[in-house]
There are 2 protein chains.
Amino acid sequence: MNQIISNNLNPHVSVDCVIFGFDGEQLKLLIIERKPKDAVSALPGDLIKDNENLDEAACRVLYELTGLKDIYLKQLQAFGDPDRIKDLADVRWLRDVREEPLTRVITIAYYSLVNLAELAPRPASFAKEVRWELVKKVGKLGFDHNYIVDKALEQLRLNLKYDPLIGFELLPEKFTLRQLQKLYEAVLDQPIDKRNFRKKFLTAKIVVSLDEKEQNVPHKPAQYYRFDRKRYMRIKDRFWF
Amino acid sequence: MNQIISNNLNPHVSVDCVIFGFDGEQLKLLIIERKPKDAVSALPGDLIKDNENLDEAACRVLYELTGLKDIYLKQLQAFGDPDRIKDLADVRWLRDVREEPLTRVITIAYYSLVNLAELAPRPASFAKEVRWELVKKVGKLGFDHNYIVDKALEQLRLNLKYDPLIGFELLPEKFTLRQLQKLYEAVLDQPIDKRNFRKKFLTAKIVVSLDEKEQNVPHKPAQYYRFDRKRYMRIKDRFWF
DNA sequence: TTGCCTAAGTGTATCTTTTACACTAACTTT
DNA sequence: AAAGTTAGTGTAAAAGATACACTTAGGCAA
């Protein structure tokens, strides 16, 4: 009996995914809309299962809730205040979806940056619950999700600066330097000098130009480049945006 | 009944503390020695309690196991592979200390850097189980603790570089530049040029010299300095070691 | 077919930061 | 008084960061 009680007191463990999306211009955030009424939206997240590790859980939950697949998720950190859930709307929502709605939940947050232009179109069944919201316009989210998003954005910025991989993973194989710059400007939320920006990546030689240019653009066509991963791996200790 | 079974499958949540200690010369790691026989040592860690948040849990566990108090712990990340525990010795040890030794455990790791010279002497009751081991000589630890230590060290180094606070919190109010440099050398595990090191901190003006020098040292006495926290807060975005 | 619009692409001078490097000074101990 | 130890200091060269404006290549519309 003791055993059972102590089990009941076990916290649940969930994962929450902070998915930033870049559409070529602006930084957006993936949110799940809850039931139409009294809806506070939330990050995609759910309890983990018994035999999956945390990374797997995050991928699965993201897939189940949004249809997104093959997204590289990075762990942010754990959030575990006993009073993470205090809002009435949150409690009501939990009652609908959880077997033990009052049990404490510790969540492990993950984040990622994805390309909105390239995403496979979502199956219609998911479509109505998922929304991309401009990061700057994200309103009140459930639980402590606003706090989590703040932390994730901070981490994303740091990450992009000291390890640009997360940026190149988002861009297509061939990209223009302008696309790259727009990405940095959107994530860091600041304008960047074009010449100095190019200089940084070109002199570091982590991008190499291809024999191909943009076509059918109503202005001078831009050169395509690719990311030189090997070169980057050799110099990554010295490269810092 | 379903309820109870699903409870049983709930993972447990623990915290583990990676405590680095600096003795003025070298970087050490706090480890807990398990029972004398077939002992693999481990990081101080234990299950969290119902009504404490994660940070509190880490502090409590550290105190209970080592007597260390008022240590500023930073969260590293969560580790949650279902097969974190595979070593036989680990399983045997768990059987002795846990009610449900086979339940999966997800652990949240914390890290800190403390001053070995300043630590209040440990109560004798703790003394025999706690040991400070040179980081470079740490042997095999239980569970996935070696992996956790590696991650923590990586994070500590990054942290010390982009936010020197963790270093100044360790040093006494007044310190010499040599002490500060030794700290950096020990943590980063590389020699640093004395003149350039001083220049960096002095021109940034985040340390200010006091009217006091070392006494009774068998060499030219060094100037004492203090950390200028306010100044640092103003320029922290631009300071990077 | 010309002119307009748009974004691409380029160089330099200045300033700042980083690096490498060796001797003298001040104190204690013997 | 000499030996041992660590403190403390400056500079020249190289590398990196910053600020900044015009020309070019294409599509489109009049």
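Everything quoted here is computed from the prediction, not taken from an experiment.
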For B:Pro221 and for B:Asp193, find the nucleotide of DNA chain D with the closest heavy atom, then tell me which residue's nucleotide is more 5'.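 First, find each residue's nearest nucleotide; the 5'-ward one identifies B:Pro221.
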Map B:Leu202 and A:His219 onto DNA chain D by nearest heavy atom, then report which one ends up closer to the 5' terminus.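 Here B:Leu202 is the residue nearer the 5' end.
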Using the closest heavy atom to pick a nucleotide of DNA chain C for each, name whichever of B:Lys199 or B:Lys194 lands nearer the 5' end.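 Here B:Lys199 is the residue nearer the 5' end.
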Which whole-number value in Å describes the distance from [X] [atom1] to [N] [atom2]?
| X | N | atom1 | atom2 | result |
| --- | --- | --- | --- | --- |
| B:Phe197 | C:dT19 | CZ | P | 14 Å |
| A:Lys213 | D:dT24 | NZ | P | 14 Å |
| B:Gln223 | C:dA26 | CD | C1' | 13 Å |
| A:Asn196 | C:dT10 | CG | C1' | 12 Å |
| A:Gln215 | D:dA25 | CD | P | 16 Å |
| A:Glu25 | C:dA7 | CD | C1' | 12 Å |
| B:Asn216 | D:dT5 | CG | C1' | 15 Å |
| A:Ile192 | D:dA17 | CD1 | P | 13 Å |

Going by ring-ring contact (aromatic ring centres under 6.0 Å, His included), A:Phe175 matches just one of A:Phe168, A:Phe22, A:Phe201. Which one?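 Of A:Phe168, A:Phe22, A:Phe201, ring-ring contact (aromatic ring centres under 6.0 Å, His included) with A:Phe175 is met by A:Phe168 alone.
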Write down the atom of A:Ser112, the atom of A:Ile71, and the distance for their closest heavy-atom approach.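 So the two residues come closest at OG-CG2, 3.2 Å.
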Exercise: identify the closest heavy-atom pair between A:Ser14 and A:Thr107: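 Between these two residues, the closest heavy atoms are OG-OG1, 2.7 Å.
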Of the candidate nucleotides C:dT19, C:dA7, C:dA25, which contains the atom at the shortest distance from the side chain of B:Lys220?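 Selected nucleotide (nearest to the side chain): C:dA25.
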Quick one: is D:dT9 close enough that its OP1 or OP2 comes under 4.0 Å of any side-chain N or O from B:Arg195?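 B:Arg195 to D:dT9 OP1/OP2: no side-chain N or O under 4.0 Å.
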Can you find a side chain N or O atom of A:Arg178 that sits less than 4.0 Å from OP1 or OP2 on C:dA8?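 For C:dA8, OP1/OP2 do have a side-chain N/O of A:Arg178 under 4.0 Å.
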Can you classify the ring geometry of B:Phe227 versus B:Tyr232 as parallel (below 30°), tilted (30 to 60°) or perpendicular (above 60°)?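 Answer is tilted, since the angle falls between 30° and 60°.
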Counting any heavy atom closer than 4.0 Å, what does A:Glu214 reach on the DNA or RNA strands: base, sugar-phosphate only, or nothing?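 Contact class for A:Glu214: none.
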Assess whether salt bridge (charged side-chain N to carboxylate O under 4.0 Å, His left out) is satisfied between A:Asp228 and A:Lys205, documenting all intermediate values. CA-CA 8 Å; A:Asp228 187 340; A:Lys205 294 185 184 149; over 6 Å; no
